[in-house]
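A, B, ... follow the sequence lines: proteins, then strands. Residue 1 opens every chain. Excluded from the calculations below are hydrogen atoms, water molecules and symmetry mates; all remaining heavy atoms, backbone and side chain alike, are included.
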Protein chains: 2
Amino acid sequence: MSPGKEPSGQLIEALKSLGLTKYEALVYIGLLQFDGATATEIHEISGVPRASVYPVLDKLVQKGLVIVSNTVPKRFDALPPKKGIIKLKENIESDAEFAGTELENIYISRMCPEKERQELIWSISGSENIINRLRQSIGEAGTEIQIISDYDFIKTHLHDTLFKTDSNPVMQIITDRWEGEVPPDTTVKIVEDKINECFESKNEMSGIFIIDSKRVLVIMSSPGHEPSAIFSESNGFLDFFSNYWRFISYHIDRKHTVRILQG
Amino acid sequence: MSPGKEPSGQLIEALKSLGLTKYEALVYIGLLQFDGATATEIHEISGVPRASVYPVLDKLVQKGLVIVSNTVPKRFDALPPKKGIIKLKENIESDAEFAGTELENIYISRMCPEKERQELIWSISGSENIINRLRQSIGEAGTEIQIISDYDFIKTHLHDTLFKTDSNPVMQIITDRWEGEVPPDTTVKIVEDKINECFESKNEMSGIFIIDSKRVLVIMSSPGHEPSAIFSESNGFLDFFSNYWRFISYHIDRKHTVRILQG
DNA sequence: AGACTGTTGTTTTTTTTATAACAACATTAA
DNA sequence: TTAATGTTGTTATAAAAAAAACAACAGTCT
């Protein structure tokens, strides 16, 4: 029995996060390669110690990923991968549902010092988390959105969000270029030369987003590091960035070649 | 800081299967109760040792479930439960997708001694797994389905499947009663008295299903035990149950009051 | 006897959970 | 001012639990 090439660690990790142990993953993978194998064959294919194969198979049967023949020796048959994955996800899904309602109960009865929270400045790490928070804030915008950001970022992460706001806020966008349509109620200022000077030079900021003059999100990404962002509703913070925005807006009108698009 | 009532073990288990550790779950739950808490407060609410709170929070931040203020002391804010769960599921979903394609690759290049497998008899445990396999077999039926089962079972688990077969097989059903419509091409024999005698008395079988004279699935459920089933394409097995079916069918016509419905 | 299956214990290893100690800083009281 | 006290954030390390690995044995078949 050739052991086949052993499965990638990544695959096993993936199966682990679906609720299997390393052995369970190995045995399941082994069974997919050789449907109807005996315990000893599984041991040989998967590299799992023979004595450990039995309890592991028990668990897999229990989880409904494997069925057993009642021959001697026993033979085992694995659910095809698609169905197997669905089954594993089902188990997780039901847990997720339970946890969801349970946590919601806890959440609605929480104590929450809103007053002070507002003055705090929050850090967000990881580009995905930043994008999420940003999209949410833009989606919740009531009247006004101010943006300084390079177009690549807007295009890849924000384009749809900007068109899909419920309350049609007035948007002012300062960026380096623009493709396609401009959203309604929107002014796009395109700084054709050296946009970098404005916000990408020293401090590595790659974007400033001010929502309803009430919330700011500033993205900072220095090369090499994970991108991070700060988010606040603090007045001081807001004043600073509102001023900064006004300053930039005024500055580029005078010093740069600016093209204006109206939505 | 009142510790609040401690979260149910079930909730923590659910969150564990979503990829959190016990501590991570406790801290997240704690933060939901008291948004914007400091590490020490979290320790007090959640019961997690203070020194352990920090690395746990790191991981939660990493997973995008928590954001940090840059005050001193640091304050922490949890993603609301709905979004938190979605985020956790996203991580799992991407793993599931990866595992799915990866396993599929392994699966298509498997070696599979079909010849011998056909002669094996497989055991399936757990009612859900049994139902799944049964529904699949019925769905794949080509020409003929023979069923002996009590109507409660058919009604709760099989009703829709029987109406939705692609290839309109001829169906013969022996049962104890029937409600509503009868599927097309179907003969239902209703044994009005003592159906138990046929298949529920001693051996505790609660159903026999023969598909295309090619596969049999026999469900056995003794009270107290988990229901189990055997499934086979073995000729000997098939012969036995085909004969059994014929025997029952003949027997009840003569000894019992039978009502016949035609679909 | 020898090869193999299925089972049962018992280590070893790894991951989580728990405790302890420390430096940095702030607050209070003498 | 200094000493005493308390708090935060870190680090190291011990204990416990879960997984993984190994060893041994009885039964079965050849």
Between [atom2] of [N] and [atom1] of [X], the distance in whole Å:
X	N	atom1	atom2	result
F76(B)	dT8(D)	CZ	C1'	11 Å
N70(A)	dG6(C)	CG	P	12 Å
E44(B)	dG6(D)	CD	P	15 Å
D58(B)	dG9(D)	CG	P	11 Å
L26(B)	dT17(C)	CG	P	9 Å
H43(B)	dT17(C)	NE2	P	17 Å
L20(B)	dT15(C)	CG	P	18 Å
L15(B)	dT16(C)	CG	P	15 Å

Under 4.0 Å between a side-chain N or O of Y54(A) and OP1 or OP2 of dT7(C)?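 For dT7(C), OP1/OP2 do not have a side-chain N/O of Y54(A) under 4.0 Å.
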I need the E93(B) CD to I86(B) CD1 distance, nearest 0.5 Å. 12.5 Å
Between CZ on residue F241(A) and OG on residue S232(A), distance to nearest 0.5 Å: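 Nearest 0.5 Å value for the CZ-OG distance: 9.5 Å.
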Show the numbers, then the answer: is there a side-chain contact (heavy atoms from CB on, under 4.5 Å) between L217(B) and W122(B)? CA-CA 9 Å; L217(B) 194 148; W122(B) 302 95; over 6 Å; no
Contact class for S52(A) (heavy atom, under 4.0 Å): base, sugar-phosphate, or nothing? base
What nucleic acid atoms does P73(A) come within less than 4.0 Å of, heavy atoms only: base, sugar-phosphate, or nothing? sugar-phosphate
Nearest-nucleotide pick for [X], side chain only, options being [options]:
X	options	result
T38(A)	dT7(C), dT17(C), dT5(C)	dT5(C)
K74(B)	dG9(D), dA20(D), dT19(C)	dG9(D)
A51(A)	dT8(C), dT17(C), dA20(D)	dT8(C)
P49(B)	dA20(D), dT19(C), dA23(D)	dT19(C)

Nearest heavy atom decides the nucleotide; on that basis, is P55(B) or E24(A) closer to the 5' end of DNA chain D? P55(B)
Whichever of K16(A) and T40(A) has its nearest DNA chain C nucleotide further upstream toward 5': T40(A)
On DNA chain C, nearest-nucleotide positions of R50(B) versus K59(B): which is more 5'?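 Taking each residue's closest nucleotide, the earlier one in sequence belongs to K59(B).
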Could you give me the CA-CA distance, side-chain angles and deciding distance for F153(A) and I131(A), then say whether side-chain contact (heavy atoms from CB on, under 4.5 Å) is met? CA-CA 10 Å; F153(A) 183 84; I131(A) 308 287; 3.7 Å; yes
Using a strict threshold of under 4.0 Å (side-chain N to carboxylate O), is an ion pair present between K87(A) and E90(A)?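 So E90(A) does not pair with K87(A) through a salt bridge.
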